[in-house]
Amino acid sequence: MILNSLNPAQQEAVRAPLGHQLILAGAGSGKTRVLTHRIIWLIEVEKISPFHLMAVTFTNKAAKEMRTRVQTMLQIPAVHLMWIGTFHGLAHRLLRAHWQEAGLSQHFQILDSDDQYRLIRRVIHALNLDEDRFPPKEAQWFINAQKEEGRGPHQVERDYTRQTFIKIYEAYEAACQRASVIDFADLLLKSYRLLLENAELRAHYQARFRCLLVDEFQDTNTIQYAWLKILAGEHNALMIVGDDDQSIYGWRGARIENIQRFSKDFPDAMVVRLEQNYRSTETILKAANAIIAQNASRLGKNLWTAGQVGEPITVYAGFNETDEAFFIANRIRDLQNHHAALKEIAILYRSNAQSRVLEEALMQFGIPYRVYGGLRYFDRQEIKDALAYLRLVANRLDDTAFERIINTPTRGIGDKTVTAIRDHAKMIGVSLWQALETLLSQHYFAARAETALISFMNLIQTMGERTATEKLHKQVEYILNASGLIDHYHKEKGEKSLTRVENLEELVNAAYQFSQEGTQDDIPPLAAFLAYAALESGEDQAEAYDDCVQLMTLHSAKGLEFPVVFLAGCEEELFPHYLSMNDPKKLEEERRLCYVGVTRAMRKLFMSYAEVRRIYGKEAYHRPSRFLREIPVELTEEVRFRTKVSRLQPSKKTTTTFPEAPFRIGQEVQHRVFGEGTVLDLEGEGEHLQVQVRFANVGTKRVIASYLIAK
DNA sequence: AACACCGCGTTTTTT
DNA sequence: ACGCGGTGTT
């Protein structure tokens, strides 16, 4: 019954006996289906209570989706007993439940990477180190890398070059401890240590989670793998699902080798390959297979489909990035005329900077679009300010929050005053809040500063008292007004002012919605909300999306699929990126990224490049990406904007049948943006005709013919 | 405390 | 090119 809708390989994975399994799931092979069906199987056939199950993902979105799917397939009420979540979310849950055993304060808060950066910078200053010799960014990178490998400050191999970084690491740890805050890596590391060092808890959780399921295993880092292993213990069943060919996060610590390590650590593990693809056309799959086949280090997999051959992959050689963008916009307009929904179309690119030209073209065409991967809601300046008030109210020791709001909005507490507090705190080794209390009791400050400081302390105290009994969203509302943040951003000039106030007001809604959704059992609501703000993107509220073309980086496209995909900027130096071209390992990761991009497409794939591109203000000539050459020519059709011989190998079909140019040299023309001008030169033909025009006001420019009107 | 200017760096991103 | 962060000016 459960197995009916599955293919043989999927069935094998779902009904496997209890034990360890490695599921190598190619792109579009239905791995989420397998995971959810396996959970159902465990509950319904193996009669294992959801209480004994844990499923781990990387993103909140994936976790949410899995929970929903399981819930709809299984109408038993006990599903909530199952632990489904991200590594960080589940680790957080463990630490909240056992804060004492983990050596934490009950009110510990989570530091996001921006908070972490600020704290590290302060630590570097406090150590009297030169910020230029020891950049906070590098220190942050160093510390996180150590934590991800499971090493505390004393476990780092000491050598001359690292000595100072180790010192910073140590001081940073002390600062976190003092402020009772922990960073993202700590969630994993501290919960891992908790299980490692506390035999009783370890036994408890090992007895509880009899089956563990892990998604996107190729993205796990060292500490995450250790975390899974300790939970799995000797007897629990561990099912990992992953695809070595889609490992694109090596640069942030993901260990692709974990897959091989798993096979060594669990030699009895059953291996299932899911190679039948249900997403893409045969043409697209052949291209993807051909590209990824160039990588040497692979476990090996070959996607196939029972579906259609489909259309060839269109490769477009643009003259420059603008031309490329116009080509894409034109094609989208065609698709639109053929009744395609815009949300079924995605434009993917290697780096965020590429989105601008594409956006400009879409805007000129009047095509609605949405760019993914901007600033998270909870990362916005004004939201972080508001959250800092909440944090300080919840925990007076939170120095990061203290620093952020002591003079935001400005209340006459200058740099000198804050430095004095900092110095005093450092001297006697207490938090800023405590240092401030002591200094005030000694009447250390001048009258003016003293008044300001006292009113600040009163403000926070009153907030604490006034909000003690209120509902969460009322607390937020009160704090927004009492802090003066709303007024402050209201008075700020510029276009941002209004959005900022709106964002702040939205925080009240976010808090309300959060408390409606029924939080986790034993955590106080405010602490739970703050943790939520740190751990969730907050994207799902804004997810009420319309019919828009989707613009995003290749990285953010992982896990998604679209009927039509444009892969823009397929040029050497850009993709593969020049910073990753010379290291074979990194180059292979770029290639996997290309594989991910290609396999996002269901029906039709366009790949494009520009012969000239403006990068950092300079014109750069790049060859077409090697990935284009790795695709068998018979799978592609080439479209060029001009008749010049392309550097690509010739392909069978070349579609260049456009009408004659409507302009001649010397003609007076009008452009909707640049105004009036004279035609100097013509290049290309038809749809892709480029015209060089000397404009009366803006000088000589090369523009697309369809944007010119003859006079 | 608000504003102007200068110099630098510049892939990818989640939690 | 462009934006950000740091420094200096009013």
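Everything quoted here is computed from the prediction, not taken from an experiment. A, B, ... follow the sequence lines: proteins, then strands. Residue 1 opens every chain.
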Is a donor from one side chain sitting under 3.5 angstrom from an acceptor on the other, for A:Q116 and A:Q140?
yes

Does the side chain of A:Y595 pick up a donor-acceptor pair with the side chain of A:N295 at under 3.5 Å?
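No, no side-chain donor-acceptor contact under 3.5 Å.
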
Show every side chain to side chain donor-acceptor pair (under 3.5 Å) that has at least one partner inside residues 346-357 of chain A, sequence neighbours left out.
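Found A:R350-A:E590, A:S351-A:Q354, A:S355-A:E359.
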
Determine, for nucleotides 1-10 of chain C in 5'-to-3' order, which nucleotides have protein heavy atoms under 4.0 Å from the base (write B), from only the sugar-phosphate (write S), or from neither (write -).
BS---S----

I'd like to compare against my own output: the B/S/- annotation of nucleotides 2-8 of chain B with a strict under-4.0 Å heavy-atom distance to protein.
-S-----

Under 4.0 Å, heavy atoms only, any strand: does [X] hit a base, just the sugar-phosphate, or nothing?
{"X": "A:L579", "value": "base"}
{"X": "A:N407", "value": "sugar-phosphate"}
{"X": "A:D112", "value": "nothing"}
{"X": "A:S113", "value": "base"}

Under 6.0 Å between the ring centres of A:Y225 and A:F217?
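Ring centroids of A:Y225 and A:F217 are less than 6.0 Å from each other.
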
Using the aromatic ring of A:W251 (for Trp, its six-membered ring), decide whether it stacks on the base of B:dT12 within the limits of 5.5 Å and 30°.
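A:W251 vs B:dT12: stacking yes.
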
Can A:H577 be called stacked on B:dT11 when the rule is centres closer than 5.5 Å and an angle between planes below 30°?
yes

Below 4.0 angstrom from OP1 or OP2 of B:dT11, is there any side-chain N or O of A:N352?
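For B:dT11, OP1/OP2 do not have a side-chain N/O of A:N352 under 4.0 Å.
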
Of B:dT11, B:dT13, B:dT15, the nucleotide closest to the side chain of A:F184 is B:dT15

Winner on side-chain proximity to A:T553, out of B:dT15, B:dA1, B:dT13, is B:dT13

Sorted by position of nearest nucleotide on DNA chain B, 5' first, the leading residue of A:A534 and A:R350 is A:R350

